[in-house]
Amino acid sequence: MSNVARGRRVKLAGLALATTAVLLTAGCSSSGSSTSADGKVTIEFSQWWGSELPDGDLQKIVDDFQTANPNITVKLLTQPYSSLQDQTTTAGVSGTLSDVVGLDGAWVNNLVKQGALDNLSDEMKSSNYDASQLSSQVQIDGSTYAIPVVNFVYPLFTNDTLLAQAGVTTPPATRSEFLTDAEAVTAKTSAKGWILPLGTTNPNGVQNDVMSWLWASGGSMLKDGKPDLTNDGVKSAVDYVKSLYDAKVVADGTFTLQEPDKVTQFTNGQVGMMVDSLAHITTIRKANPDLKFSISAIPAEDGYTGKRGIPFASWGIGVSNNSAHKAEAWKFVQYMMSKDVNANISSLAHGFPANSTATPDFTGSDPLYEEAFKIYQAGYPANEFVGLPTSDQLMRDFDTEFQKTLNGDGSVSDMLSTTQASWSKAF
Amino acid sequence: MTALRTGRTPSRFGSARLAAKSAPYGFVAPTAILLIALMVVPIILVIGYSVSDGAITTKNASFAGLTNYITLLTDPEFWNAALNTLVFTVSSVVAHLLIGLGFSLMLNSKLIGAVPRAVFRVIYILPWLFTAAIIAVLWRLLLDPQGVINYLLQSVHLTGSPIAWFGDPSSALLAVTVMNIWAGYPFFMISLLAGLQGVPADLYEAARVDGASGFQQFLNVTLPQLRPIIISMAMLDVLWTTQQFALIWLTTGGGPISVTEMLSTVTYKLAFTGFDFSAASASAVIVLVFSLIVAVFYVRSQRSES
């Protein structure tokens, strides 16, 4: 082949590559957000909520918004939670995030670092929005970047039948009562007292089943927004969980159990107590209609009289920093957080409204939801992993070190110091 | 006329020749473009990410040289994952080969009738029909502390208390390896069975005439005849097993206490929980280089066979 011919082929190959790259880039960066000739604006709303709500319910909520705001059309982009996280991360950096985005608190810090999320504190200020109606906000460096829309709390579930067989008449309210009851269930029934899922595939057991003991007694794992794992409160909570493990009242296989295993074992009557999401009540009722169970606040340290933090997961909402229609997007966020809409969506989702003035409608729903709402109102939503950098990784680091300690390798103090050092690197 | 003819004919001939020459490129072009877009471009991007700092998560990732590689290669956790991957891969490939060879010999044996052979063939192939998710669920149920295996072991008094096979640091690597062996041996079995059926009968006849015993026939006829298939299968299996992710992720997630952490799980965690896409890319490139080395041997063995 002559040099000229070779050069031509190289040029052609280069052109093909460049064309492919342009096509790929164009394909990736296309956005559904637009303004039509008559001034009507279309904004996109990416979330996983639509797939978890009854069919068409989210669209109805959106339709009502569109009726009230005829110049704004909201295009729903619904995807499963598991795939949305990765996609949101990559869309954040490529500047292709939807105008309005459904957010898990754990994603927020990373997206803010990318500059992908709009500063909602500024939006609130410019629109004179009354932020006092919000039960919580996800803030980074004092500014709000995401707002929880619906909260799903994690109370203590107790199997009434197993507890009765063990001679326990009321759910435990303190740590010592819980240990005694767990021992009684383990000794007097064929079940174990408690279940602690510490599998690392999804390490949320650290948040829901370990740190929940800390928050229930008003403790904190942070100080001035930085890790503070070596404080007395954390040590006391982790020591307590270890004491339950050492007392052999915890279901076997802790180190690889996941949240679904916890729900399955509780549903099948293999464990007497678990800390779990209220969202699973329907699942449990469907799988075992004969199971009699109650819910109560997570036991606190003996003698503790303050308000109890109750762990929660939430459907959060934010606005893309690259949105060409921030005003319209913020209008939609305000609509989702308004008293009636917020109450409606939380009722549909079997969660609790994050607008503190809204009251969910419990008509026709399981009485346990109303019971849980009282627990929720008596305490405060607590989840210190929300907004932290690489939350999942922090939980996984804690999980691995805690497994070592439970396995007999080192003390709780050493484990907390080691984890504190690894967490500090992420901040 | 002649001049006209001589002027036209080369032109027509030239066009036809050009068309004939370019036709194969036309046929290959769609695949080539897809390969470039879906394989070459991503690989180049990943290599680029691996020598940058803050890839994907920051808009202006800076050049980091070999920093990510040095960080990874000096991290004991990475070497722990590499060692686990080695143990997992070698054990799996050797067991796949032995079990596959054993079952294929059995299915090829004339000692078994046609009906039982067909039944065994279906039973032995079953693991290959299941997806990773089903295999993981199945083995989690089998090895659960309240599962079938523990029940059987306790029934025959081989153990006093139930064992959390996946959850116990001393047994987890063994458990995931056994699960992977179960999931993968049919690939060897089918390939070797096809190879066995292709061994000429007269070779065995000649060996028998020479007075060779059954074992000698296996050593001197069967194994040499299967050698090319065994080498090819083993190399492919090394590549696949090194990259096994789904079974590990769905059963142990790399735990407990990192005893089943593999290069694949480390890479995933770096990317999607640590949001360190640069380090994840470096890890992926290291696995890619290792895979390329094995692939070179594979291609060489294929060439020598042909």
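The figures here come from the full heavy-atom set of this structure, side chains too, leaving out hydrogens, waters and symmetry mates. This structure is a prediction, so every number in the text was calculated from the model and none was measured. Below, read A as the first sequence line, B as the second, and so on, with proteins coming before strands; counting in each chain starts at 1.
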Response to the item:
d(B:L270 CG, A:Q393 CD) to nearest 0.5 Å is 7.5 Å
Worksheet item: To the nearest 0.5 Å, what is the distance between OG1 (A:T200) and CH2 (B:W249)?
Response: 6.5 Å
Practice prompt. Heavy-atom pairs under 4.5 Å with chain A are the metric here; pick the option from B:A172, B:G255, B:G254, B:P169 that has the most.
Written response: B:P169
Response to the item:
Shortest non-hydrogen pair, A:T390 vs B:G274, comes out as CG2-O, 3.4 Å
Worksheet item: In Å and rounded to the nearest 0.5 Å, what is the OG to NZ distance from B:S258 to A:K404?
Response: 6.5 Å
Discussion item. Rounded to the nearest 0.5 Å, what separates atom CZ in A:F255 from atom CG in B:D168?
Written reply: 8.5 Å
Worksheet entry | Side chain / backbone / both / neither for B:T251 at chain A, heavy atoms under 4.5 Å | backbone
Response to the item:
Per-residue tally against chain A (heavy atom, under 4.5 Å) across B:F272, B:F275, B:F277, B:W165 peaks at B:F275
Worksheet item: How about residues 140-153 of chain B versus chain A: which residues have heavy atoms under 4.5 Å apart?
Response: B:R140, B:P145, B:Q146
Worksheet item: If you tally heavy-atom pairs under 4.5 Å against chain B, which of A:D409, A:T400, A:N407 wins?
Response: A:N407
Worksheet item: Is chain B contacted by the side chain of A:Q270, its backbone, both, or neither, given a heavy-atom distance below 4.5 Å?
Response: side chain
Discussion item. What's the separation between atom CG in B:L250 and atom OG1 in A:T201, rounded to the nearest 0.5 Å?
Written reply: 7.5 Å
Worksheet item: For A:D399, is it the side chain, the backbone, both or neither that has a heavy atom under 4.5 Å from a heavy atom of chain B?
Response: neither
Worksheet item: When you measure from the side chain of A:Q403 to the backbone N and O of B:I257, does any donor-acceptor pair fall under 3.5 Å?
Response: yes
Side-chain polar contacts of residues 30-54 of chain B - donor-acceptor pairs under 3.5 angstrom, sequence neighbours left out - could you list them?
from: B:S50; atom 1: OG; to: B:I47; atom 2: O; distance (Å): 2.7
from: B:S50; atom 1: OG; to: B:Y69; atom 2: OH; distance (Å): 2.6
from: B:S52; atom 1: OG; to: B:Y49; atom 2: O; distance (Å): 2.8

